[in-house]
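Okay, structure first, notes after.
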Amino acid sequence: MVNRRLQADAIGMVLGGVLDAVFGDPRRWHPVAGFGRFAGAVERHTYADERPAGARFTAVAVGAPVALAAVAAWLTRRRPIARTVLVAGATWAALGGASLAREGRVMADRLDGGDLESARAQLPNLCGRDPSALGAPELARATVESVAENTSDAVVGPLFWGAVAGLPGIVGYRAVNTLDAMVGHRSARYARFGTASARLDDLANLVPSRVTAALTVAAAPVVGGRPGEALRVWLRDGGRHPSPNSGQCEAAAAGALGIRLGGRNVYGSRVEERPHLGDGGPPAPRDVRRAATLSVVVGAAALGLACAARAGAGRSIARRRRSVAEVAE
């Protein structure tokens, strides 16, 4: 029975990955948008400019959808088709790989055409930097960095936690990641209240970010890179980034693409000077397109590994149970 449940999870994740590749994000009634409204309502009732209030907010905002997902998983434990459909829907909603690659390619096309105004208008679809004063090289760099980071956040992360915990893992990861985007950033309002959400997101991405980096190293030849160089840059530069996770993905991508990332980033009134990652030159529009291709390949590899791990865990449990039963006889 456990084997059938985990196989249903694996099939559902495959179907969800296919739906994302074919259709991209759901265009109407997106569950993540609904969760955002729920989290906003919880924030209005729990907000205080202190860390304990932020911890309570995070516990409720994450705990409620995870509990619902756990109940749904339990109710479908003997209904593999229903379970497969649920996991497929959750995976589709949680993944953002197709949209990420598409936005990256749109940016590459606009930069190739020399249309800086439309390229600047495109950047908010990828990251929160102020694009108003950015030239083509900085727009390209911001896009490559965003694609590298979000390959973990929008693709590998939900798949990893789906492999570990099935439906509750997928739902819980997306809830944590969404909360970080809502309240985990540095601002006067969320400096203390958002701490718990930000730290939980760091923890949830600790392994996925490194899996992303490892898959990026392995996929380097697809975009004309060398795995050895990508590995060297990842190991050397991955810890230089202020984020414990983003730097892993960005450094591996810089090494795989043979470019240099990092530098001055402007977020409204806040300015950050990021250390350089990689040894090449600044990214060009063709590197943006290569980064999108790399993201797609890494996402496909992550989907295959996650589904194989989930199904393999079911087979392993079934074998152990048979062995125990044989010994008991």
Side-chain angles (χ1 to χ4, degrees), residues 1-26 29-32 34-35 62-98 152-178 203-208 211-212 214-215 296-329:
M1 184 62 69
V2 173
N3 184 29
R4 284 184 9 183
R5 291 202 296 265
L6 298 187
Q7 285 181 342
D9 288 347
I11 295 169
M13 290 166 66
V14 169
L15 293 176
V18 171
L19 288 170
D20 178 64
V22 174
F23 299 108
D25 289 334
W29 309 105
H30 200 304
V32 175
F35 170 76
V62 174
V66 169
L68 286 174
V71 169
W74 183 80
L75 290 174
T76 57
R77 67 194 186 281
R78 293 187 178 88
R79 298 174 179 173
I81 294 177
R83 190 183 185 96
T84 297
V85 170
L86 273 178
V87 173
T91 302
W92 181 24
L95 292 179
S152 177
D153 290 352
V155 185
V156 178
L159 292 172
F160 172 82
W161 285 106
V164 170
L167 183 64
I170 296 168
V171 170
Y173 175 82
R174 181 46 62 210
V176 169
N177 195 246
T178 303
L203 182 62
N205 281 294
L206 197 65
V207 176
V211 172
T212 302
L215 292 175
V296 170
V297 173
V298 168
L303 178 62
L305 290 174
C307 295
R310 192 68 176 167
R315 289 192 295 269
S316 178
I317 291 171
R319 283 195 299 269
R320 286 199 298 270
R321 289 187 172 180
R322 283 196 298 269
S323 297
V324 170
E326 290 170 1
V327 170
E329 290 175 359

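Note that CG of Asp9 and CD of Gln7 are 10.0 Å apart. Values are rounded to the nearest 0.5 Å. Distance OH/Tyr173 to CZ/Phe160: 10.5 Å, rounded to 0.5 Å. The OG1 atom of Thr91 lies 7.0 Å from the CG atom of Leu159; values are rounded to the nearest 0.5 Å.
In this structure a side-chain-to-backbone donor-acceptor pair under 3.5 Å is missing from Trp161 to Gly166. No donor-acceptor pair closer than 3.5 Å links the side chain of Arg310 to the backbone N or O of Cys307.
Of all non-hydrogen atoms in Val66 and Gly172, the two that sit nearest each other are CG2-CA, 3.5 Å. Residues Ala93 and Pro31 come closest through the heavy atom pair CB-CG, 3.8 Å. In terms of heavy atoms, Leu95 sits closest to Val155 at CD2-O, 3.6 Å. A pairwise comparison of heavy atoms in Ala90 and Val171 identifies CB-CG2, 4.5 Å as the closest pair. Contact between Leu75 and Arg79 at its shortest, heavy atoms only, is O-CD, 4.1 Å. Across all non-hydrogen atoms, the minimal contact from Arg83 to Arg5 is NE-O, 3.4 Å.
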Checking side-chain contact (heavy atoms from CB on, under 4.5 Å) for the pair Val211/Leu305: CA distance, chi angles, key distance, verdict?
CA-CA 11 Å; Val211 172; Leu305 290 174; 5.6 Å; no
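Proximity of Asp25 to Val32: side-chain heavy atoms (C-beta onward) are nowhere separated by under 4.5 Å.
Annotation for Ile81: atom CD1 does not count as buried by contact number, only 12 or fewer foreign heavy atoms lying within 6.0 Å.
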Cut-off 3.5 Å, no hydrogens considered: what does the side-chain donor-acceptor table look like for residues 10-20, sequence neighbours left out?
{"residue": "Asp20", "atom": "OD2", "partner": "Gly97", "partner atom": "N", "Å": "3.4"}
{"residue": "Asp20", "atom": "OD2", "partner": "Ala98", "partner atom": "N", "Å": "3.1"}

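Residues passing the side chain to side chain contact (heavy atoms under 4.5 Å, CB included) test with Ala72 are Leu86, Leu167, sequence neighbours excluded. When the side chain to side chain donor-acceptor pair (under 3.5 Å) test is applied to Asp153, no partner is found at least two apart in sequence or on another chain.
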